[in-house]
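These numbers come from the heavy atoms of this one structure, side chains and all, not from hydrogens, waters or symmetry mates. All chains are named by letter (A, B, ...) in the order of the sequence lines, taking the proteins before the strands, and each is independently numbered beginning at 1.
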Protein chains: 2
Amino acid sequence: MKIGLIGLGTVGQGVAEVLLEGSFPSISLINVCDIDRKKANIAPHIFTENPNDILDNPEIDVVVELIGGIEPAKTYIKTALSNGKDVVTANKLLLCSCWKEIMSCVKDNGRKIRFEASVGGGIPIISSINQALVANRISGIYGIINGTTNYILTKMFEEKRGFYEVLKDAQEKGFAEKDPSLDINGDDTLHKLFILSCLSFGKMVDIGSIYKEGISRIKGQDLLYADSLGYSIKLLGIAKENNGSLEIRVHPAMISKDHLLSSVSYNYNGIYIIGDLTGPLLFYGQGAGSLPTTSAVIADLLSLSSNEGFAIPDVKSVSCFLMDELKLRYYIRFMAIDKPGVLAMIFGVLAKNNISIESCIQKERGEVVPIIITTHETLEGNVIKAIEEIDKSPVIKEKTLTIRIEEI
Amino acid sequence: MKIGLIGLGTVGQGVAEVLLEGSFPSISLINVCDIDRKKANIAPHIFTENPNDILDNPEIDVVVELIGGIEPAKTYIKTALSNGKDVVTANKLLLCSCWKEIMSCVKDNGRKIRFEASVGGGIPIISSINQALVANRISGIYGIINGTTNYILTKMFEEKRGFYEVLKDAQEKGFAEKDPSLDINGDDTLHKLFILSCLSFGKMVDIGSIYKEGISRIKGQDLLYADSLGYSIKLLGIAKENNGSLEIRVHPAMISKDHLLSSVSYNYNGIYIIGDLTGPLLFYGQGAGSLPTTSAVIADLLSLSSNEGFAIPDVKSVSCFLMDELKLRYYIRFMAIDKPGVLAMIFGVLAKNNISIESCIQKERGEVVPIIITTHETLEGNVIKAIEEIDKSPVIKEKTLTIRIEEI
């Protein structure tokens, strides 16, 4: 099987190095391409600046696309497919933005596509869902699938430091990008969750309709309060079927410290997936980085070279479950002026909105203090309405933070 | 693809039911066989008592062997292979006892064999090692792969009850067999570990040369002392390459409570496997039971029906690493008469054998009391020698227990 590789970033370099070592005699890398001429030194004898040298080369059986982003990656992949080549990609943004377009192109050309590296780095989650779990009806996915945010939340808790301080440290250590916004704001988690959801449920929703919330509003004190209540806070991607629509959302969530996902720390990923036959499964490992991702790309190539008949399900568009209709318990942190009557006001508004209180902590003293409330199960719509009203009060000095408590 | 199924125990029934529902149009079950005529009611129209009706039926493409044990399963599998059929089996005892014989027979007949259900129930560990991780050199496997013993150890700790009491309870709840000896004594873990080790390292040792120790000597107090020292106790199967030989062993081990394996509780399995590219991975789920195992058997069938070219590595016989040469830290529980001079005697013998002490606890008072010692890293041979000598003393009232402390 002859391979052409486009994109020599850190993952592309890793893949090129492993393939050029020659440990996989069934696979031979015959062309690598990058727009940056300086990358030629990785493999000068097979380097080209022109992707068409790969896309139009009739000798090449499989194109590995590792440039990322939507264009020109999409054009390259579609050209490769129409030229009769199979494709391996790690491009989660492209897959979730153009799922149907790419999969139709695969089908129309009778080719194959593999994308194990798009979710969970070296964790074999795509092949597990598509092959090993294929006898199961999957009822839910709960994923910690962004290493950067998991690292930051872990360090904030362990070292009792603030978000921005830990972010800076993570950037210095290479666990966060220079521009970490896609990680921090939940986009990266959303892209991966979208792919897992297509494969697990054969269903998708308009990506713009998916609720998404990042971690930048979490404070060190939230992690400590969560801990004292028996929870850790993780940025979760959650997907499940709910009355024919798809409940899919990305946000920080409180998980019981007894749950295995709560022990997934630092830059690690953990994907908890529930099959009707298997029961719950957890897949854990490094979700990013050059070597783990290289492992996934090579596994995809070997799967193509062994002519594996891996079926990607047809994906149907359905409606997205409305967040207002969620029924969960909530952690709510108000930042309020420390004076008599504030609690009464808050409790009054909550009661008016049918929200019953499970616990309330107001330990600190000062001018503005956190008031921590956890609720019994209640409708999210009610919580939002109540907080909107409470936040209008002059005694509330900061936008109130809510964190969903997930019983997994 | 036409299937014949031999063995209608709980897993066989589960597989038959799922296949007869017709959710997998590419697979059709055309014969089921059991020696017990009463099982005919599961599928009377396709039932036979005679396995040759399946083995000699030229219509059948794949034989699913779910009777377990070595004979007649081995004969059935070899006959099926020579008759040009592929085989799916969950038979861990047969695979580890006759690995080379079975794999040669597969090769000689140009057939395929699948055995996802032999290890870890519904956890896709076999396909992950064989396909997804194939680009990796695996450096170690640490597995909690017996649900019965994990359930017992978890309950002993949680409910502060003794081994036999919890075992009885586990039997009543269906988490332990009527005759649980294969689980309790470590044999079941050993069989599964052997298979994982063949696949991960392409190496095997004489199965009789593998060190194996069960859990029946663990007392509730060991779990509590371990906890106070920051550890949990798990029955582990460990395999790694060590200077060309294979270090492979099964025994209770102390694992730091911070390690994810330590959170694998109740009847769940967890397999921690370290690849050079992926880094550490954990696979977690239900390692037994009718439905999870059915999930694995169906995945194997679908993998055969999609004509997947899954390569099973050639396995080389190598020597087994000698336990005497292990270098670990140890937890040692002496049961000694509570009188002056006992500790001095124990410490003296340990010192003579070059064993240095990390901690010592002797909290209880009474006639015979536990003395808990943890050592710094030391040679296992020295520990054994020292304990042999100490156990000869009349002040020691019970065979001394050692538990290896594993830094994973």
Evaluate the side-chain proximity of [Y] to [X]: yes if any heavy-atom separation is below 4.5 Å, no if none is.
X	Y	answer
A:Val134	B:Ile298	no
A:Phe283	B:Phe283	yes
A:Ser127	B:Ser127	no

Could you report the tightest heavy-atom contact between [X] and [Y], atom names first, then the distance?
X	Y	answer
B:Pro280	A:Tyr268	CG-OH, 3.2 Å
A:Ser263	B:Leu260	CB-CD1, 3.3 Å
B:Gln131	A:Ala299	O-CB, 3.9 Å
B:Gly122	A:Leu281	O-CD2, 4.0 Å

Looking at B:Gly121, B:Gly289, B:Gly279, B:Pro292, which one has more heavy-atom pairs under 4.5 Å with chain A than the rest? B:Pro292
Just wondering, are more than 12 heavy atoms of other shown residues or ligands nearer than 6.0 Å to NZ in A:Lys160?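 Counting other residues, nucleotides and ligands, NZ of A:Lys160 exceeds 12 neighbours.
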Would the number of heavy atoms belonging to other residues, nucleotides or ligands and lying under 6.0 Å from NZ of B:Lys257 be above 12? yes
Interchain contact, A:Asp258 with chain B, by part (heavy-atom threshold 4.5 Å): neither
Part of A:Glu116 within contact of chain B (heavy atom distance under 4.5 Å): neither
If the test is side chain to side chain donor-acceptor pair (under 3.5 Å), which one of B:Thr278, B:Asn136, B:Asp276 qualifies with A:Ser295?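 Testing A:Ser295 for a side chain to side chain donor-acceptor pair (under 3.5 Å) against B:Thr278, B:Asn136, B:Asp276 leaves exactly one candidate, B:Asn136.
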